[in-house]
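Positions are given from 1 along the sequence. If you're wondering where the values come from, they're calculated on a predicted model, not measured in any experiment. Indexing begins at 1, ligand by ligand and atom by atom, following the structure's order.
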Amino acid sequence: MTADTPMIFAIPSKGRLKEQVEAWLADCGFRVEMTGGARGYSAELSGLPGVSVRLLSAGDIAAGLDSGDLHLGVTGEDLLRERGDDMDSRVMLLRALGFGRADLVVTAPKSWLDVDTMADIDEVGHLHLAKTGRRLRVATKYVTQTRAFFARHGVADYRIVESSGATEGAPAAGAAELVVDITTTGATLAANGLKVLSDGVILKSQAQLTASLVTPWTDSQLDSLSRLLSVVEAKGRARTLATLVWPAEQDVAGQAAVAPFVEAGGSRRANGALLATGDLFAAAAALAQAGVEPVTVSRPDYVFESRSAVLEALAKRLRTDI
Ligand SMILES: Nc1ncnc2c1ncn2[C@@H]1O[C@H](COP(=O)(O)OP(=O)(O)OP(=O)(O)O)[C@@H](O)[C@H]1O
Ligand SMILES: O=P(O)(O)OC[C@H]1O[C@H](OP(=O)(O)OP(=O)(O)O)[C@H](O)[C@@H]1O
Ligand SMILES: [Mg+2]
């Protein structure tokens, strides 16, 4: 591989994640520019050379990171974990993106009044087997995570009925007793008369910026990732901070008033400070109390730092110095 081979970065081409990923990239200041025409499936990121963007389905992105066909991708953690119990040895989650949230849950019919926990499922499983000679059926497309979760709860008397869609309808259709699926608003579960077990949350999933550990990374590809990540992290950091500015001639009083907030994780600025947004109103009150005015507050677009703990962790996993 030559130093010029681009880093391959996959983003969803369709579905509910597509627009959210595009909005997130735009918010970070990157424009996705299609290279194969507007209906093509390859693109570049404006302002970030050395990156080749591929548009794929969320499921294919998980598969490509897992197999090493991609360097980087955005997809749901549920789809990544479904690739195998040892997912963490093949991919590294770099950053949770705060959208595409869905919970992977174990559900039972609401009419099963005495069933509320995985322990209850264990009991019902034994009874069902004794009574009918058959094992309890669990409809899901999340086979890997269902098996691991049931094993962790010591539930063995069940079998999986693989489902590829409309999974919540399986009990009503007589195809299964239980359902493991993702839920966001709970509307689909409610419409199908299903309830989530009180200890039945397998995974709280969301979209993750994810790196493949399987694919070879050249120095220039890692460098592209470093630049992308520094912008993404600077944008994320900026959301948590506010800049306060006061008149230069009142700087001694101003710095004294905000000192506790600077110590709590903020930093000093010339005639001002960069503080956590959560401390903003308390700091404004302290400045008013000290007679410092006027105080202007603005929100930074980006807050860059020179080091990225996530990038260092990735480099360590790849045993590469950058
Ligand atoms: N309410 C929801 N329903 C389904 N998926 C959701 C929901 N909220 C977030 N997601 C996430 O979106 C991702 C699935 O997206 P999508 O269905 O577009 O991809 P896909 O499964 O690859 O496509 P397809 O279903 O056509 O094969 C999963 O990671 C899932 O957790
Ligand atoms: O809790 P809710 O907000 O109701 O959302 C959850 C439902 O949405 C998704 O189905 P989708 O309509 O995408 O169909 P598919 O997964 O079968 O493609 C998911 O598979 C659940 O069935
Ligand atoms: Mg889907």
Side-chain angles (χ1 to χ4, degrees), residues 8-25 32 39 41-43 53-67 69-70 72-85 87-88 90-110 137-146 148-149 160-173 175-198 200-212:
I8 301 174
F9 175 34
I11 59 175
S13 57
K14 63 174 186 69
R16 63 200 91 218
L17 291 184
K18 177 181 196 280
E19 272 152 38
Q20 288 170 292
V21 171
E22 280 170 4
W24 163 71
L25 285 172
V32 178
R39 299 189 65 82
Y41 289 98
S42 54
V53 177
R54 299 245 173 100
L55 289 100
L56 300 172
S57 83
D60 286 349
I61 294 173
L65 291 165
D66 187 52
S67 67
D69 289 340
L70 306 170
L72 187 71
V74 177
T75 190
E77 184 174 348
D78 56 334
L79 301 177
L80 289 163
R81 298 230 170 258
E82 200 47 35
R83 303 293 311 171
D85 294 327
M87 179 204 83
D88 292 304
R90 295 192 304 279
V91 305
M92 188 169 150
L93 306 181
L94 301 180
R95 194 173 176 89
L97 300 178
F99 54 80
R101 288 181 191 276
D103 291 352
L104 182 63
V105 294
V106 184
T107 72
K110 262 190 210 132
R137 294 165 301 171
V138 182
T140 191
K141 64 173 172 185
Y142 292 92
V143 176
T144 303
Q145 290 166 96
T146 299
F149 190 75
I160 287 177
V161 178
E162 273 201 60
S163 159
S164 52
T167 313
E168 294 91 339
E177 283 71 41
L178 305 175
V179 168
V180 171
D181 204 355
I182 52 172
T183 179
T184 302
T185 65
T188 309
L189 295 181
N192 287 280
L194 295 169
K195 63 179 178 188
V196 178
L197 301 183
S198 58
V201 179
I202 300 178
L203 176 72
K204 294 190 88 62
S205 180
Q206 60 177 297
Q208 294 274 353
L209 180 65
T210 307
S212 177

Taking atom NZ as the centre, does Lys110 end up with more than 12 heavy-atom neighbours from other residues, nucleotides or ligands that are less than 6.0 angstrom away?
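Yes, NZ of Lys110 has more than 12 neighbouring heavy atoms, counting only those of other groups under 6.0 Å.
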Closest approach of Pro171 and Glu177, non-hydrogen atoms and distance?
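Minimum heavy-atom contact is CG-O, 4.0 Å.
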Nearest atoms (heavy-atom pairs only) where Asn192 meets Gly169:
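Taking Asn192 first and Gly169 second, the nearest heavy atoms are OD1-CA, 3.8 Å.
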Polar atom proximity, [X] to ligand 1 (N or O, under 3.5 Å):
X	value
Asp60	no
Thr184	yes
Lys141	no
Glu77	no

Need the ligand 2 atom indices (1-based, order shown) with element for anything under 4.0 Å from a heavy-atom of Glu168.
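Those of ligand 2 that fall under 4.0 Å from Glu168 are 21 (C), 22 (O).
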Can you list the atoms of ligand 1 that are under 4.0 Å from a heavy atom of [X]?
X	answer
Ala58	15 (O), 19 (O), 22 (O)
Leu17	12 (O), 13 (C)
Gly100	9 (C)
Ile182	3 (N), 4 (C), 5 (N), 6 (C), 30 (C), 31 (O)
Gly76	29 (O)
Lys14	23 (O), 24 (P), 26 (O)
Gly15	18 (O)

[X] side, atom [atom1]; [Y] side, atom [atom2] - distance, nearest 0.5 Å:
X	Y	atom1	atom2	answer
Lys195	Thr107	NZ	OG1	10.5 Å
Trp24	Ile11	CH2	CD1	9.0 Å
Tyr142	Ile160	OH	CD1	13.5 Å
Thr184	Asp103	OG1	CG	7.5 Å
Gln208	Arg95	CD	CZ	10.5 Å
Arg81	Leu79	CZ	CG	12.0 Å

Side chain, backbone, both or neither: the part of Lys18 lying under 4.0 Å from ligand 1 by heavy atom
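Within the 4.0 Å criterion, Lys18 makes no contact with ligand 1.
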Does ligand 1 have any atom sitting under 4.0 Å from a heavy atom of Arg101?
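Right, Arg101 reaches ligand 1.
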Decide whether Glu82 and Gln145 meet the rule of one side-chain donor and one side-chain acceptor closer than 3.5 Å.
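Indeed, the side chains of Glu82 and Gln145 share at least one donor-acceptor pair under 3.5 Å.
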Under 3.5 Å donor-acceptor pairs involving side-chain atoms of residues 58-66, not counting sequence neighbours:
| unit_1 | atom_1 | unit_2 | atom_2 | d |
| --- | --- | --- | --- | --- |
| Asp66 | OD1 | Arg90 | NE | 2.5 |
| Asp66 | OD1 | Arg90 | NH2 | 2.8 |
| Asp66 | OD2 | Arg83 | NE | 3.3 |

Is it the side chain (CB and beyond), the backbone, both or neither of Asp181 that lies under 4.0 Å from ligand 2, heavy atoms counted?
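Side chain only.
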Is Ser164 in polar range of ligand 2, meaning some N or O pair under 3.5 Å apart?
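N/O-N/O distance under 3.5 Å: no.
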Pick, from Val179, Thr184, Ile182, the option with the minimum heavy-atom distance to atom 19 (C) of ligand 2.
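When every heavy atom of Val179, Thr184, Ile182 is considered, Ile182 comes closest to atom 19 (C) of ligand 2.
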